[in-house]
Amino acid sequence: MEYLTNFFLPSAESTYAANVDALFHFINIVSLILLVGITIAIVYFSIKYRRKSQEDTTPLITHNTTLEVTWTVIPLILILIVFGWGFNDYVEMRTPPANSYEVYVESFSFGWNFEHPNGIREANQLTVPVAQPVRLIMRSRDGDVLHSFFVPQFRLKQDLMPNRYTYAWFEAIRPGEFVYFCTEYCGGGHSMMNGIVRVKTQEDFDSWTEEELGRDLDALPLAELGRLVYTSAGCQGCHSLDGASRVGPTFAGLYMRERQFTDGSTRIADEAYLIESIVEPQVLVNVGYPNNMPNIYAQTLSEREILGLVEFIKELQ
Amino acid sequence: MSAAATNGNTLKVRYFDIDENPPKNYLNAESGLKSWLFTVDHKRIGLMYLASIALFFFVGGVLALVLRTELFTPAENLMNAETYNRIFTLHGAIMVFLFIIPSIPAALGNFLLPIMLGAKDVAFPRLNLASFWIYSIGALFTLASLAVNPIDTGWTFYTPYSVQTGSAVILMTFGVFIMGFSSILTGMNFIVTVHKMRAPGMTWGRLPLFIWAMYATSVIQVLATPVLAITLALLIMERTLGIGIFDPALGGDPVLYQHFFWFYSHPAVYIMIVPAFGVISELIGTFSRKTVFGYWAIAMSSLAIAFIGSLVWGHHMFVSGQSELSTVVFSFLTFFVGIPTGIKIFNWLATMHKGSIDMKTPMLYACIFLFLFTIGGVTGIMLGAISVNVQLHDTYYVVAHFHYVMMGGTVMAFLGGLHFWWPKMTGKMYSEFWGRISAVIIFIGFNLTFLPQFIMGSQGMPRRYYSYIEQFQTMHQLSTIGSYVLGIGFVIIAVYLAHSLWKGEKATSNPWGARTLDWMTSSPPLQHNFNYQPVVTNGAYDYHKPISDFTLGISDDVYHGNDHEGDIRKQSAETV
Amino acid sequence: MSAHHIIPLKTLLSTTFALVVLTVVTVAVFYLNIPAPFDVVVALLLASFKATLVAMFFMGLYYDEKFNTVVLVFSLLFFLVFVGITLLDTNFRDAGINVWIP
Amino acid sequence: MAQAQSLENAHVQHHFRSSDQQFSSSKLGMWLFLFTEVMFFGGLFVAYIIYRAWNPELFTMAATELSTVLGGINTVVLIGSSLTCALAIRAAQTNNQKMIVNYLLVTIVLATVFLVIKYFEYTAKFEVGILPGGMYTFEGIDHPKASVFFSIYYMMTGLHGIHVIIGIGLMIWLVVKARAGAYSSAYYTPVEITGLYWHLVDIIWIFLFPLMYLID
Ligand code: HEA
Ligand code: HEA
Ligand code: CUA
Ligand SMILES: [Cu+2]
C-alpha cells in the first residue's frame, strides 16, 4: 500500500489525506477487478467463440432478467459505498476545527499574498506551524480572474473568486516544504503561479514570527526592498530574472537597453522609463508582448517601493 | 409474391433481390460540385460532414502533437506560454465543437438513419442541408478567430478571464453559437424522422440499436444545446455591453457562468458517447452474428443516460465555490450514470458469449473500445467521489479521463463504424491487414500517451500548464512519445483508406452478413436508398432467420399509387 | 385526421376573453400587495394558467397528437430541473456543510 | 376524394408517403423547435430567478421604473394578435382565402403596435440613463446591482422583441404566399407552424409581464 501510494499519489501530509487516499485505492482496486474481468471475458470469448466457418449459426438468446438485475444491483451497491465514503471525508474536509489558525489568502495574476492574523504578510510562500489546523480565507483581487489554491500533498484544492470569499483548511502532520500550484486557468502566467507552503515546528514558527515582526522595511536599502516587492507584488509571475521571456520581458539586462514599442517608437530603458512602465504600463507597449500588465501599481505600491524596484532592476546587469 | 398475413388486413409484399451492381448509385447519379454542395440527399450530406470532421480531426490532432512536443521538457521548447494557451484552447475547441459532436451523429448518423429506418430521406432534407451549411459558417467564424487573434481561454470560456482577455473570444464563441443551431436542427430532424418515417412494420422494438442511440442523442441535442446558445450569447453581451450577469467586476457571478456552461457541456459528453454506444451495438451484433443480448436494456439505457446525464453537470464544479449542498447532490447523482452504462457493457459481453466472433477490423475496434472506455468510465466514477475529486480536479488525471472516454471511447467507435460502413459508403473494401495493424498501433500509442497522465495527474500535475516542475518529466516524455505513435497509426489509416478508393476491391452489398436494412441495398446505395418500400417483419438482429426474410418490400409505384397508404402504414406497423 | 381539427370559433373567442380577464386579474392582484413570497406564487399561477389556455386552444394541443403535449411538458420539466438544481447552489452558499450534520 | 387527394399530394415531397405524414412531421418538428425556444429563454429565466432570489429588494425597487400600464396594454395586444393568428389558420382550414390574408395583416399590425409601445418604453429609459450593463448611468435606484436588473430586463425583452420581429417577417412572407392562393384546407402547414411560433412568443410575454412589471 505504501508503495502504491507513493507511486500514484504524492506523500500524504495533512490529517485528512490518508482518508482520501484510502478511497482512491478502494476505487482503483474495484475498477481494476472490473476491468480485468471485462478484458478476460473479451479475450476468452473472442478465442473460444471465434468464427469457424461462414455457415456458423448461433443460439437465440434474447435476454435474461436475473443477469440483468445482477449487473444493475452490484454496481448500485458499489456506487452507494463510494458516495457515502466520499461524502464522509468531504464533510471533514469542509469543517475546520474551531481553534484554527486563520490566514487570509489573496490571489492575483500571477501571484499570491498571505496575511497572518498578527499582520505578517508573505508573498508566494506561506509559513504555518505543524499540527495546528490552519483555515484559509481566500479571495481573488478585485477585478482579477479566478485562481485555485492546490497543495497536492495536503489533498487540498479550492477556487478563489474576486467577488466573494471561499474557505479551506488543513492540518499539516510533518514539518517540511510543500509545493502549491494554481489550478484554475488564469492566463499567461498560470503555470508560473506556484509557491511553497513551509510547515515549521511550533518553535521555529515562533522565532520566524518574531523575526518577521521585528523587520523594519523602511530601513532596508532600496535594491533589497525592490527584491522583496518583486516577489510580493507578483512581478515574478510575468518577468524573469534569468533572461527567459514569460508573459512580459525579462528584467535581466533591461536597464539602459533600447526598447521598441508597438507604436513604432523606441526608447532607452533609463530610470524614468522604468518608473513610467510600472506606473502607466499601457502607454508604451513592447513589441512582441501583450498589453496586459496590470495597471494598478501606481495605487498599490508606495513611491519608495517603486524606486526600490527600479534600483533592483538596475542591479540586474 | 408473398403475403404477410395480418389479422383481417393483408399487405402484399414480395422478396426483392439486392441489386449488386446498379449502374446508378447516389455517388454517380449526379455529378459536379453543385450537385454536392446543394444536395438534399442525406447520404451526400453525411459524406460532406465526414470530410469536414476528418479535416478538423487532423487539425486538432496536429495541434495536439504540437502541445505534446512543447511538453517534452519543462523548459520553453517551441513556444511561450501565450502561444501554448492558444493552442490547447484551439485543440480542445476544435476537437469538441468541430469534430466530436458532429462526428458520429452528423456523418454516420445522416448517412445511415434513413436507410436503417427504410425511409428515402430524413424528414426535412432541406433543413438537413441547411444544418450542414450552418455548421460550415460556424466553422468559418471559428477559423476566422484563428486569423485575428486566437482565443486563449480554454474550451470552457470561463468568466471573468474570457471577458478580460484580449483574444478573439467573440468570434470564437459566435462560431460555436452558430454551430449549436446546426446541432439542434440535426437533432430535431432525427427525432421527427424516427417518429414519422419508419418503414411499414418497423416497430419501436425492431429499431436497430444505432437508431435508439441516435434518438437519445438527438433528445439531448435538442434539450441542452439552446442553453449553450444563450450562455454564449450572454458571454458575448458581457464583452460588448458589460451586462454584468457573469462578470464579477460588474456585479455578476462567475460560478453562475459555470452552471450555465456545464448544463450544456456535461450532457454534451453524452452527445459524444451515446452514438458511439450505438455503433458498438451494431458492430458486436454483426461480428458475433448473434441476436443482441438484452435489446431493450441497451435501448432504454441510452435514454436513461440521456436523462440522468442531464442532472449531474455540477460535478465539474466541486471546488469552484458552489454550495456544499449542491456539491453533495451532484456527486450523488453523478454515480448513477455508471449503472445504465454498465448495463450496456455487460450486455455486449453477453452478446459475444456463444457467438460466432469474427475479429475483423471493426470488431477489433469494438473490443478496444470496451477496454478503453471502461477505464475512462471508472475513472469518471473516481472523479465523481467528492473527496478524491478535490485532489484530482484540474489535473492531468482529468485530462486522461476525458481522453479515455472521448478518444478511447468515441473515436475508437467512430473508427470501428467508419471501417464497418466504409464498403457501404464508398463501395470499396479496404485492406484488412493494414486495418488490424493500425488498430494495434493506435491502441498501443493511445495507452502510452494517456496512462502516464493518470499517474502524473494524481501526483498533482495541474492541467493547462505549459511548463512544469521536473518531477513530472519522465511521465510527460512517455506521453509525448505515445502521441507520436498515435500519429503514425493515423497516417497509416489515412493511406490505406485513400488507397482503397483507387485500388480497393469492389464491395458486395452485405460483406459482413448483417441484418439491418442498410445492408439490404447495394453498396454504394441507390440514390433513393431502395427500389422498393421496405417492409419489416423481423427484429434488427434476428440472426437465426434467413437473410431473405430481410428483403421484403412493396414496389414503390404500387405503394405510392395506393389510396390508403396512411392506413397501411398503421396496420403493418402494428400487425405485420 | 385529428391533427387537422378545426377549432370552433366560440372556443377561440372565449379563450381570448378568459385571457384578457386573467390579465386584468393579474394586475389587480398586484395592487392588492400580497406579502412577499406569495405574490410571486400567485402571479406565476395566473401566468401558467394563461399559458395553458394558449397552448391548449390557440396552439391546438387539446386536439392534437398527445406526443406534442409530451414534448411541451418535458421541456418545462427540464427547465425546472435547471432552475431547481442551480438554486441548490445559489441559495445555500453560506449554509456550509453543516446543513448535513444534525 | 380522389380530387382532394391529388390536390393534397401536389405539396407532398417525394420522401413522404402522404400529406398527412408530412403535416404531422412538420408539426412535430415545430414543437421540438419550440422546445428549444423554451430552453433558450429558459436560460434567461434562470438568471432572472437567481438574481431575484439574491436581491429581492432590488427587484422591487427597480420594477417601479417600469410602466405597468404600457406592459398591460402590450399583454392585451399580444393576446389579440394570438387570436387573429388562430383565426387565420381557421380561415385556411375553411378555405377562406381572403380572410387568411386579412387576419394575418391584423396580426402584423398588432405585432407592430407591440413594438412601437416597446420602443417608447425603451427610449424613455434610455433618456434617464437606464441603459444595459456598462452604459448604465441612472442614479434613481440606490442599489449596487441596479444595472444587473436592467441588463436582465433588456436581455429578456430584447430577445423577445427579436422574436416578434422575426414573427412579423414570417407573417409578411405568409401574406405574400397567401395572396397567391398557396394555402387552403388541403395545405396550410406554413400558416399552422408560424402560428405555433407566434403563440409561443405570446406565452413568453405572458410570463415576462408579471415577472418584470408587477413586483412589489
Ligand atoms: C465522451 C465524453 C465523456 C464521457 C462519456 C464521460 C463520462 C463520465 N464522466 Fe467525464 N468528462 C469529460 C468527458 C466525458 N466524461 C470531459 C471532456 C471532462 C472534462 C472537461 C473539462 O474540464 O475540460 C470530464 C470531466 C469529468 C468530471 C470532472 C472532473 C473535474 O474537472 O474535476 C467528472 C466528475 O465527476 C466526470 C465524471 C464522469 C462520469 C461519472 C462518467 C460516466 O458517464 C462514466 C460511466 C461509465 C462507467 C462507470 C464504466 C462502465 C461501467 C461498468 C463497467 C459497470 C460498473 C460500474 C460501476 C461499479 C460504477 N467527468
Ligand atoms: C475529441 C476530443 C479530443 C481528442 C480526440 C483529443 C486528442 C488528443 N489530445 Fe486532447 N484535449 C481535448 C479533446 C481531445 N483531445 C480537450 C477538450 C482538451 C482540453 C482543452 C482545454 O483545457 O481547454 C484537451 C487537452 C489536451 C491536453 C492537455 C493540455 C493542457 O491541459 O495543457 C493534451 C496534452 O497532452 C492533449 C493531447 C491530445 C493528444 C496527444 C491527442 C491525440 O489523441 C491526437 C491524435 C490525433 C492525431 C495525431 C491526428 C491525426 C494525424 C494524422 C491523420 C496525420 C499525422 C500527423 C502528422 C504527420 C503531423 N489534449
Ligand atoms: Cu492563477 Cu492559474
Ligand atoms: Cu461531466
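None of the values given here were measured: they were computed from a predicted structure. Reminder, nothing fancy here: chain letters follow the sequence lines and each chain counts from 1.
The main-chain N or O of Gln54(A) is found under 3.5 Å from a side-chain atom of Arg289(B) such that the two form a donor-acceptor pair. The backbone N or O of Pro462(B) lies less than 3.5 Å from no partner atom in the side chain of Thr183(A), so there is not a single donor-acceptor pair. Formation of a donor-acceptor pair under 3.5 Å by the Thr291(B) side chain with backbone atoms of Ile61(A) is not found in this model. At distances below 3.5 Å, at least one donor-acceptor pair connects side-chain atoms of Gln164(B) with backbone N or O atoms of Gly143(A). Side chain of Gln391(B) to main chain of Phe24(A): no donor-acceptor pair is present (N/O by atom type, distance under 3.5 Å, no hydrogens or angles). In this structure a side-chain-to-backbone donor-acceptor pair under 3.5 Å is missing from Lys290(B) to Thr58(A). The closest donor-acceptor contact from the side chain of Gln158(A) to the backbone of Val319(B) lies under 3.5 Å. Counting only distance, with no hydrogens or angles, the side chain of Arg164(A) and the backbone of Gly321(B) share a donor-acceptor pair below 3.5 Å.
In terms of heavy-atom pairs under 4.5 angstrom with chain A, the leader among Thr374(B), Ile469(B), Leu349(B) is Leu349(B).
Partners of Thr165(B) according to the side-chain hydrogen bond (donor to acceptor under 3.5 Å, both in side chains) rule, which considers only residues two or more places apart in sequence or in another chain, are Asp152(B), Ser167(B).
Interface remark: Val292(B) contributes backbone atoms only to the contact with chain A (heavy atom separation under 4.5 Å). Contact of Ser288(B) with chain A is made through the backbone alone, with heavy-atom distances under 4.5 Å.
Centroid-to-centroid, the aromatic rings of His63(A) and Phe293(B) stay 6.0 Å apart or farther. The distance between the ring centers of Phe88(B) and Tyr185(A) falls below 6.0 angstrom.
Ring orientation note: the planes of Phe472(B) and Phe181(A) are tilted relative to one another, at an angle of 30° to 60°.
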